[in-house]
Amino acid sequence: MLNKKALSERDICTKFITPALVAAGWDIQKQVREEWSFTDGRIIVRGQKYTRGKQKRADYVLFYRSTMVAIIEAKDNTHSVGHGIQQAKEYADILDIPFIYSSNGDAFLEHDKSVTEGVVEKELPLDQFPSPEKLWQRYANYKNLTPQQQEIVKEENHKDETGFAPRYYQQIAINRTIEAVARGDKRILLVMATGTGKTYTAFQILWRLWKAKTVKRVLYLADRNILVDQTKTGDFRPFGSDIMTKIQNREVDKSYQIYFALYQSLTGNEEEKNIFKQFSPDFFDMVVVDECHRGSAKEESAWRDVLTYFDSAIHLGLTATPKETKNTSNLTYFGEPAYTYSLKQGIDDGFLAPYKVVRISLNVDEGYRPEKGKVDKYGHEIEDRIYNTKDFDRNLVIDERTKAAAKKITEYLKLTDRMAKTIVFCVDTEHAERMRQALVNENSDMLQKHPKYVVRITGDDEVGKRELYNFSSVIEKEPVIATTSKLLTTGVDTKMVKLIVLEAGIQSMTEFKQIIGRGTRLREDDGKVYFSIMDFRQVTNLFADPDFDGEPVVIYTPGPDEAPVPPTPPGEEETGTGAGEPGEKGIDGLGGDPPPGPKKYYVNDVAVAVINERIQYYGADGKLITESLKDYSRKKLLNEYESLDDFLVKWNESERKEAIINELSEKGVLFEELQQEIGKDLDAFDLIAHIAFDRPPLTRKERAEEVKKRNYFEKYGAGAREVLQTLLDKYADEGISSLENNSVLTVKPLNQFGTPIEIVKRFGKKADFEKAINELEQELYKTA
């Protein structure tokens, strides 16, 4: 008789749970994802290397068509039937799944989130698991979908030949939007962090609605040519070019089904203003508003004319940053987001790149006051007052400050990667040009091989704008450094940007989020797993603002006689426009010329120096670590270990010390950065004991020397001794992970002793070699 208690969790799945699903009518190949890792695991940067945190993995997720309806957590038979229900509920909340199950192979415990009164949890025999149709009907009832609405929601995702499928959060956004459309909602907002695939999500939504014949004609609005072109030739390509067109050159052809357009090509000037009215108001079934934070929902915006004209259509807004101020509100127009996926969630899930912040303070930033009667380099007497970072490059230009910033940027690239794509955000186009010149002079060595190493990409420079594609490209190596003011703040897909430099005062949370989003794209295969932010203007103080990654809140409250959508206050009109369309203003909102205002003073005889440089890291809680790294780490470690003895026991009992290091790294302990702060080559063991419990540390070299002094190797033969001594030297150079790495025998200097098999033979059998390594680890920490 089969002893269930002796079976592993996998065996329970194979022998009991999967057969129960098949018997209930579930298609294992098409409707069930087994052992589905729905996150990639957070990127944990460790010096120049990185590891992945633990993935979130569901034992079973059940799909009805393209809708996630149920989750099952399996346990071995030494646990109770309901032992996995808490973990399953946690995952179900993330995956937006209403029906939750736990099983140990004896039965299922069902938790039904759709139940508001009565029995929420009940036990089901293995042969009574619900069929796909039964669970779907319960799901439809939970979502209040009529039979007609269900037919719309049942339409499946587009599937390409590669088998590429939406990530879990994209699937939730897709399903929630389609369910909203099926129920008759006309205004829908999706808030998804930059780099999380808003356009692909929109494509899947439109594909399913188009296939269901709910939506036949679509208008896709954006404010940049590059956004429109990327969308049409990229994510939307499966629709086929025969049904898609771009409205341009004031020409309208009504024979297509999917139309792409720039707002300004429809409303740009008097001649073009009524182009969209060549369509009847009910021509489009759906209008997709890309980057809808950029002004489309403003009452007085010309762009709003398009939305008002096509008022009967479904309006889907896409943004990473819903604009919420006392005067402007996307939420008032679209309503609460159907789904929000934040930057913090994206980083925690391992889909977005984490970051660190380098804050630079220059002596003049504390306040510069010219001496009485001082004139600038053009002979203008400078107004006598205190100038600070809000004035620099807007009212007062200090040449040496620009040079100091360029020098610091270059120093950072020299220490890390000279070919790391970099964006420098400047005050205006003129500042961007001066910064370009300063960076050219600092990087003259690179210009010999890479003539376009530094470029200015601004709205008034056609030459620079032509480099936008190459700068955004993963393949093209140059330009490397782009100076800009507004052009690269939003929308442009700069996948390989590793350094963002803030040399402009930014007070808008929307703009700040968009700028940070230029670096969040993760390109693991291409070597980009994190990015850095260099801040010369204290802009990163906005990271501490609760609104940075919190839920958007409607701040605008209309009065009794005011419009339900807030008006645009003077000076707040969005200035982002497309590139290359006739009659456009420059993308920097300057039309190529600076706006009238206070003249700038240019000073070239003020000494500028760096007075402070501080590095801050992204913590496990999604916030920048503002206290000292040592104090922050101490708190983390004391949460894990009650005492020094508690730590010593757990360390010495662990077969793999690397497992402890990885677990602590995942929880936010930054070992490499701590080593740099303390300034010694300490083992992870000594870092933990020293920081958390004030134990005097030994360097790795000192630990290795202690082992040698004890003549520990004498019990081994000459060949084995040679290997162990070399391993000990490698530990002194690289740390404990080098001893526990399976590939250590294949790299220098160990490979000089022969193949891994030949090295192991020096100890006898494989088990003898492994025992010797374990004993060597014990010797290293014997003084512990």
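What you see below is based on every heavy atom in this structure, not just the backbone, and it leaves out hydrogens, waters and symmetry mates.
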Can you confirm whether more than 12 heavy atoms, excluding those of Asp525, are under 6.0 Å from its CG atom?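 No, not enclosed.
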Is Arg237 atom CZ crowded by more than 12 heavy atoms from other residues, nucleotides or ligands, each under 6.0 Å away? no
Is the side chain of [X] donor-acceptor paired with the backbone N or O of [Y] at a distance under 3.5 Å, no angle test?
X: Gln31; Y: Asp27; value: yes
X: Asp285; Y: Ala313; value: no
X: Asp112; Y: Val120; value: no
X: Arg138; Y: Phe99; value: no
X: Gln171; Y: Ser66; value: yes
X: Arg33; Y: Gln29; value: no
X: Lys232; Y: Thr245; value: no
X: Thr199; Y: Thr231; value: no
X: Ser473; Y: Ile475; value: yes
X: Thr494; Y: Arg518; value: yes

So, do [X] and [Y] sit near enough that their side-chain heavy atoms are less than 4.5 Å apart?
X: Tyr101; Y: His111; answer: no
X: Met68; Y: Ile172; answer: yes
X: Ile347; Y: Tyr355; answer: yes
X: Glu121; Y: Ile100; answer: no
X: Leu262; Y: Leu266; answer: no
X: Arg183; Y: Lys143; answer: yes
X: Leu219; Y: Leu221; answer: yes
X: Tyr339; Y: Thr177; answer: no

N-O pairing of Glu151 and Lys213 below 4.0 Å: no
Could you go through Gln137 and Lys134, starting from their C-alpha distance and side-chain angles, then the distance that decides it, and tell me whether this counts as side-chain contact (heavy atoms from CB on, under 4.5 Å)? CA-CA 5 Å; Gln137 200 52 57; Lys134 284 183 179 178; 5.9 Å; no
Taking it one step at a time, do Glu34 and Arg10 satisfy salt bridge (charged side-chain N to carboxylate O under 4.0 Å, His left out)? CA-CA 11 Å; Glu34 191 172 355; Arg10 264 301 83 211; 2.9 Å; yes
[X] and [Y]: side-chain donor and acceptor closer than 3.5 Å?
X: Asp349; Y: Tyr168; answer: yes
X: Trp136; Y: Gln150; answer: yes
X: Gln345; Y: Ser342; answer: yes
X: Asn157; Y: Arg208; answer: yes
X: Thr18; Y: Tyr60; answer: yes

Between Asp526 and Lys495, does the salt bridge (charged side-chain N to carboxylate O under 4.0 Å, His left out) criterion hold? Intermediate values first, please. CA-CA 10 Å; Asp526 297 305; Lys495 294 184 179 71; over 6 Å; no
Quick one, Tyr256 with Met244, criterion side-chain contact (heavy atoms from CB on, under 4.5 Å). Give me CA distance, side-chain angles, the key distance, then yes/no. CA-CA 6 Å; Tyr256 292 89; Met244 294 192 296; 5.7 Å; no
Start with the C-alpha gap between Met286 and Leu206, add the side-chain angles, then the distance that decides, and say whether side-chain contact (heavy atoms from CB on, under 4.5 Å) holds. CA-CA 9 Å; Met286 191 168 198; Leu206 292 176; 3.3 Å; yes
Stacked cation flag Arg167 on Phe38, 6.0 angstrom / 45 deg: no
Do Lys421 and Phe471 form a cation-pi contact, if we require the NZ or CZ to be under 6.0 Å from the six-membered ring centre and within 45 degrees of the ring's axis?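 That pair qualifies as a cation-pi contact.
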Apply ring pair (Phe, Tyr, Trp, His ring centres under 6.0 Å) to the pair Phe203 and His158, showing each step before the final yes or no. CA-CA 9 Å; Phe203 159 71; His158 175 267; 5.5 Å; yes
Contacts of Arg57 that satisfy side-chain hydrogen bond (donor to acceptor under 3.5 Å, both in side chains) - sequence neighbours left out: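 If we apply the side-chain hydrogen bond (donor to acceptor under 3.5 Å, both in side chains) test to Arg57, skipping adjacent residues, there are no hits.
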Nearest atoms (heavy-atom pairs only) where [X] meets [Y]:
X: Tyr618; Y: Asp348; answer: OH-OD1, 4.1 Å
X: Leu62; Y: Val32; answer: CD2-CG2, 3.7 Å
X: Thr194; Y: Leu352; answer: O-CD2, 3.6 Å
X: Gly234; Y: Pro238; answer: O-CD, 4.4 Å
X: Ala24; Y: Pro130; answer: CB-O, 3.9 Å
X: Ile314; Y: Ile188; answer: CG2-CD1, 4.2 Å

Determine which pairs satisfy ring-ring contact (aromatic ring centres under 6.0 Å, His included) with at least one residue from residues 213-232, sequence neighbours left out, and list them in order. Tyr220-Phe236, Tyr220-Phe260
Would you call the rings of Tyr169 and Phe351 parallel, tilted or perpendicular, where under 30° means parallel and over 60° means perpendicular?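 Ring orientation of Tyr169 relative to Phe351: tilted.
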Classify the ring geometry between Phe129 and Phe108 as parallel (under 30°), tilted (30 to 60°) or perpendicular (over 60°).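 It falls in the tilted class, 30° to 60°.
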For Lys246 and Asp253: C-alpha separation, side-chain torsions, deciding distance, then whether salt bridge (charged side-chain N to carboxylate O under 4.0 Å, His left out) applies. CA-CA 10 Å; Lys246 179 180 175 182; Asp253 184 339; over 6 Å; no
Once rounded to the nearest 0.5 Å, what's the spacing between atom [atom1] of [X] and atom [atom2] of [Y]?
X: Leu307; Y: Arg187; atom1: CG; atom2: CZ; result: 7.5 Å
X: Glu155; Y: Thr67; atom1: CD; atom2: OG1; result: 11.0 Å
X: Met496; Y: Glu476; atom1: CE; atom2: CD; result: 13.0 Å

Check step by step if side-chain contact (heavy atoms from CB on, under 4.5 Å) holds for Leu189 and Leu316. CA-CA 6 Å; Leu189 177 66; Leu316 172 62; over 6 Å; no
Partners of Ala182 by side-chain contact (heavy atoms from CB on, under 4.5 Å), sequence neighbours excluded?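 Ala182 satisfies side-chain contact (heavy atoms from CB on, under 4.5 Å) with Gln149, Ile152, Val153 once adjacent residues are dropped.
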If you apply the rule salt bridge (charged side-chain N to carboxylate O under 4.0 Å, His left out), what do you find for Glu73 with Lys75, and how did you get there? CA-CA 7 Å; Glu73 180 64 27; Lys75 295 297 178 185; 3.8 Å; yes
Aromatic ring proximity Phe279/Phe284, centre distance under 6.0 Å: yes
Do Phe164 and Tyr200 have ring centres separated by under 6.0 Å?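 Under 6.0 Å, so yes.
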